[in-house]
Amino acid sequence: MNRLVEIRSQEFLCRERAALDSERRMFWLAQAQEWEQRALDEIAYHFRECNLVQAELAAARRQTTDVIPVY
């Protein structure tokens, strides 16, 4: 999640520059939008990874409970 904090910081800096630099306002807003999309991609990646780990754990649990003891 540190990466997400860094990405959001970059987005904020671009928005701040847009507010201060009226001549290049559109450029800075476009940059901020790119950083925002990177943040959304990072969040999606994180949730995909979490869901993958959860699915693997659930599958492993099912395998251990599906074992039929041999007498």
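In what follows, residues are counted from 1 in the order of the sequence shown. Both backbone and side-chain heavy atoms feed into the values below; hydrogens, waters and symmetry mates do not.
- Summarising the geometry of Trp28 relative to Cys14, their closest heavy-atom pair is CB-O, 3.4 Å, with the distance given to 0.1 Å.
- Every residue was checked against the salt bridge (charged side-chain N to carboxylate O under 4.0 Å, His left out) condition with Arg17, not counting sequence neighbours, and none meets it.
- For Arg15, the side chain to side chain contact (heavy atoms under 4.5 Å, CB included) test picks out Glu11, Leu29, Ala32, Glu36, with sequence neighbours left out.
- Remark: Phe27 engages Arg24, Gln31 in a side chain to side chain contact (heavy atoms under 4.5 Å, CB included) (not counting sequence neighbours).
- Membership of the apolar cluster around Trp35 extends to Ile7, as traced through chained side-chain contacts below 4.5 Å between ILVMFWY residues.
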Contacts table for residues 38-51: side-chain donor-acceptor under 3.5 angstrom, sequence neighbours left out:
{"from": "Asp41", "atom 1": "OD1", "to": "Gln37", "atom 2": "NE2", "distance (Å)": "2.9"}
{"from": "Glu42", "atom 1": "OE1", "to": "Arg3", "atom 2": "NE", "distance (Å)": "3.1"}
{"from": "Asn51", "atom 1": "ND2", "to": "Phe47", "atom 2": "O", "distance (Å)": "3.3"}

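- Every residue meeting the side chain to side chain contact (heavy atoms under 4.5 Å, CB included) condition with Leu52, not counting sequence neighbours, appears here in chain and number order: Glu56.
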